[in-house]
Structure formats: structure tokens, C-alpha cells
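Being a predicted model, the structure only gives us computed values, none of them experimental. Counting from 1, the numbers follow the sequence of the chain as shown.
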Amino acid sequence: TGNDLEIYHDGNDSYIVDSGTGDLLIRSSDDLKLQNHDGSESYLHCNTGGDVILYRAGTEKLRTTSSGVDVTGDLSVGPLNAEVKAGGFYFSNNISSPMDTDGIRRKTTATMSFDVGSAEKMTLTSSGLTVTGNITVSGTVDGSKLDDLVSVKDYGAVGDGSTNDTTAFSNALASEKGIYIPAGTYRINSTLTVTNKNVTIIGAGERLSILKFMGQGVNGHGLEWLETNANPDDGGTGPVHSLILEKVQLQAGITMTGSPVNAKCTATSGSIRPAVSIENVVACASSGSTGWTQGFNFESCRNSNIIECIFNGTSSISNYGYKFLGRCLDFKAERCQANDINTGSGQAFIVEGTCEGIQISGALVINTKIGVDHTTPNMEPYLSVLGSHFNTRQVGIRISKSEQSIISNNLFYADTENPSACENYIGVELLANAENDFNSITDNIFHASRTNNGSAVTEIGIKIHHGDSNIIANNVFKVF
């Protein structure tokens, strides 16, 4: 009617114009197709009672199906402001709470959440991935490798210096897995005690991984490791567990009355496998008014090693740096340091009990009363002190009862830190016991040039009260 529907050609283009009321209906008794002029290229194909297909340059790109839409090629979707459902899976934008179904949720600009069963299970941020629940690894990845070393933070440790991380550390140590301590300061309010278990602790570095002890716990100790298996002759096997400690700092946040590490084996015999190995560990105070009263303590720890460890004492608090007692056999201390130990007897190293074969090499001892004090009640063979530097107030090395010992290539300084309070000094002293035989004291340098402002003092390089068949040779004495 009138111009409601027009079909015409204007000389350039062809037109179908519906300017009347109502809809424009195009009906077909079969499929409806939209093609180019010769039918060689399709644009749209509407199947009767079936799919609708869209083409680009004659190639199918999108098809509607009874279950949804199939897309050939990539699909680009602009910013979502509401939920989009795809095959029962939802995509949501700017939704802070978990969805009521499975889906991917953009929580904030830099946070994506994966929700399963109305619960947030995995969150992806710019800093990493957080998973709630268990992770099952299969396929070509060896899932057992995940057990090789676990972080103490996996057990709930925080490492912020104020949160109490004692329980997290205790649970981690009970697992007997290798424990990694990431950088941080971990507050420990009690002794970490481990009995008859293997312990492996590795930190990120002694300046980074700090255990700060703020409670006395068991006898004021920091870490206490106990091995109670009996001697083989008593029906036991001897030590069957080990303590490995590396790259951590054991810090006294208060005046701790015990040791940073107290390691004790009940058995005094067994295999030659090491019970204890400690490397790059520092024990120190958090301030000048706190500190460890005792140093590292080892009882009957056979064939063990401490390497590049440091005991930073507090002069008014600390009694000793390292103690070997019980039946420590062939224990090696390599490149260890001790300083500022002037309370009690003030030794850097103490050898007690029935220890033999104690080897100290490359040690640095500064501002202590005594460097090495060998105080065994009976004759015990082979104390070896090599290549070390002792700056002590009273004695460099003192031996009570020992034979076949070697003291060589050391530097002994009489401490001059407080000229008004200098004390009588001896570099190496063998006490008056008949068993002090067959010892070698060679190639050492003794230096004592103190200016004492107080009472007169004596300075002696080597003093032997008793001994047979000892060798003293090639030593240098300066300003005695």
C-alpha cells in the first residue's frame, strides 16, 4: 500500500525498503540462504528446524546447535559486567564473593579466582598462586620430589618477628622431613625439643633466616636434640638418627640460661656415621642486654662436625662458646669463631668427660678468658689445634690430661682490650699430670706486648708443669 514496501534499483545499488508498520517477514518452505549473486559464496544459512550458520568469506565461523553455539577459530569477548555461562561454567567480573556454581571470577583488577562447588579453591595474583586444599601431582612430574624439602611456612609459620611460631616449628620438626626456613624472623617462645628423630633444617642464610628465642623452655635451650638409643653392647644399635642444621641464626631475644643447640646422644659407642652436622650457624644476642649464657653443647656426639659456626657472646652473660663432653669421639670444629665470653671460666672451647680426637682448626677466638680448655678427668688422647688465632685474657690453650696432641701453626695474642685490667697470661699450658706425654707444640707465634695500667702481671709463652717426650720447636715469642 503506498510506499510501505519498495524494491528498486537506483542505478548503483539495489534496495528492499520496509517503511510501513509491523515486521518484515521473509518466509521459506525449506532452508533460508543468503548468498552472493551467483551462489558461490554463502553469508547466512538457516536450516529449517535446525542450525543457523554464519560465514565469513564463504567459510563457516559460527553455528547454533541444540546445546549452544559452536565457534570455529578464536572468540574475543569484551569486558564482562555480568555473569556469562558457557556449558554450565560461569565467568564473572568484579565479584568479591564465591559464586554459587563452578566458575572463574575476576575479583579485582589483579586477582582471579577459580571457584568449585561454591568455594574458592585457587587464586591467581600478580605475586603468585594460592591453593586451598590438596594438590595431586601425576603424569611426568615426580610428585615425591615435593617431599624432599618443605617450608616451615607450610606448617603455619609467619616469620614477622612478633607472631608466635613455636607450634609451627614443632610440627615441622616432628615430620622428619627436610625443613627449609625462608627469610624472616621467627619468634620462638619455648625450647624446640626433638627426641629420636632425624632433623634437617636449612635456612636462606644466617643473616636472613632468624629464630628469635623469647622463652626459657627446657633449661633455657633453643634447639634440643636427643638420641636415646642404647649402646650396641647393651642391646641397642647406638645412634641411628642425625641432626643437620645449616644457614640459620639462633638469636637470644632475652637472657637465655641455656645453649642455642643442646645435642645429646645416650650411646657412647656405635658406627662412625656422624650424629651431628652444623654449618654456617650463628648464635648471638638481639641486643647488648640479652644473650646466651651457654654456648653450643655436644654430649657423646660421635664423629660429628661443626663448620664455620659463630658464637657471638655477651661479655657479662656468656660462660663458654662450644663444649664437648661425655664421649665425643673424633669431633671436628672447622673455622669456627667465638668472642666476648668473660663470665665464669670464659672458655671459647671446652673438652670434658672422656672425649678424644677433638680437632679444632682455623678457629678465631677474640676477647675470651681461655681459648681451649682440655679438662678431662682422665688421660684422653689426641687434641689437635691447628691454624687458629687466639686473642685471650688468661690462657690460649690449657691441657689437663692428654697425650699425642698437636698444637701447631697458631697465633696467640695476650688480650689488650682493657689495659687497666690485664691478667696473668700463658699461651700454652700443660698442667701437672703424669699423663701429659708425647705432645707436639710447634710452629706457633706468641705475642704479648700489653701495657698494663693496673697491678703487675706475668706473661708466659709455653708452660709445662709435667710431661715426658714432648716436642717444642720452631715457636716464635714476641715481647715477652
Side-chain angles (χ1 to χ4, degrees), residues 1-133 135-141:
T1 301
N3 295 324
D4 288 352
L5 178 64
E6 299 177 85
I7 301 177
Y8 63 92
H9 186 79
D10 65 358
N12 294 312
D13 301 310
S14 298
Y15 296 86
I16 299 176
V17 180
D18 174 20
S19 58
T21 60
D23 300 327
L24 175 63
L25 305 177
I26 301 175
R27 295 176 176 175
S28 172
S29 61
D30 204 339
D31 294 356
L32 177 63
K33 298 181 180 180
L34 184 61
Q35 299 178 329
N36 65 350
H37 74 284
D38 62 1
S40 63
E41 186 175 307
S42 294
Y43 307 137
L44 173 68
H45 184 175
C46 302
N47 291 287
T48 300
D51 302 348
V52 175
I53 308 170
L54 289 176
Y55 299 84
R56 183 187 185 279
T59 301
E60 180 181 322
K61 291 297 181 181
L62 185 145
R63 176 190 291 264
T64 65
T65 68
S66 60
S67 60
V69 177
D70 289 342
V71 176
T72 302
D74 297 332
L75 177 64
S76 178
V77 180
L80 299 176
N81 294 313
E83 291 187 357
V84 175
K85 181 179 180 181
F89 199 86
Y90 282 80
F91 299 84
S92 296
N93 184 42
N94 290 330
I95 306 296
S96 60
S97 300
M99 295 184 290
D100 294 332
T101 185
D102 302 341
I104 299 175
R105 177 166 44 95
R106 179 176 178 265
K107 297 174 65 176
T108 62
T109 302
T111 304
M112 294 290 293
S113 173
F114 296 78
D115 299 342
V116 178
S118 303
E120 184 176 306
K121 291 298 183 181
M122 185 168 69
T123 303
L124 181 64
T125 67
S126 59
S127 61
L129 182 69
T130 301
V131 176
T132 302
I135 298 177
T136 301
V137 181
S138 61
T140 59
V141 178

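Evaluation of the side-chain hydrogen bond (donor to acceptor under 3.5 Å, both in side chains) rule for D23 yields no partner, not counting sequence neighbours. The side chain to side chain contact (heavy atoms under 4.5 Å, CB included) check on I26 picks up L32, with sequence neighbours excluded. In this structure, the side-chain hydrogen bond (donor to acceptor under 3.5 Å, both in side chains) partners of S42, at least two apart in sequence or on a different chain, are Q35. Judged as a side-chain hydrogen bond (donor to acceptor under 3.5 Å, both in side chains), and not counting sequence neighbours, the contacts of S67 are T65. For T125, the side chain to side chain contact (heavy atoms under 4.5 Å, CB included) partners two or more places apart in sequence, or in a different chain, are T111, T123, S127. With sequence neighbours excluded, the residues satisfying side chain to side chain contact (heavy atoms under 4.5 Å, CB included) with I7 are I16. With sequence neighbours left out, the side chain to side chain contact (heavy atoms under 4.5 Å, CB included) criterion links L44 to L34, C46, V52, L54. For the side-chain hydrogen bond (donor to acceptor under 3.5 Å, both in side chains) test, residues two or more places apart in sequence or in another chain that qualify with D38 are N36, S40.
Shortest non-hydrogen contact noted between M122 and L129 is CG-CD1, 3.3 Å. The minimum heavy-atom distance linking E120 with S113 is given by the pair CG-OG, 3.1 Å.
Side chain of D70 to main chain of T72: no donor-acceptor pair is present (N/O by atom type, distance under 3.5 Å, no hydrogens or angles).
We find the CG-CG distance between L24 and D4 to be 12.0 Å, quoted to the nearest 0.5 Å. With rounding to the nearest 0.5 angstrom, the CG atom of N47 is 8.0 Å from the NZ atom of K33.
Annotation: salt bridge (charged side-chain N to carboxylate O under 4.0 Å, His left out) contacts involving residues 123-133, sequence neighbours excluded, are absent. Listed by first and then second residue, the side-chain hydrogen bond (donor to acceptor under 3.5 Å, both in side chains) pairs involving residues 51-60 are D51-R63, E60-R63 (not counting sequence neighbours). Screening residues 8-42 for ring-ring contact (aromatic ring centres under 6.0 Å, His included), with sequence neighbours left out, gives Y8-Y15.
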Evaluate D31 against H45 for side chain to side chain contact (heavy atoms under 4.5 Å, CB included), listing each step before the verdict. CA-CA 7 Å; D31 294 356; H45 184 175; 3.1 Å; yes
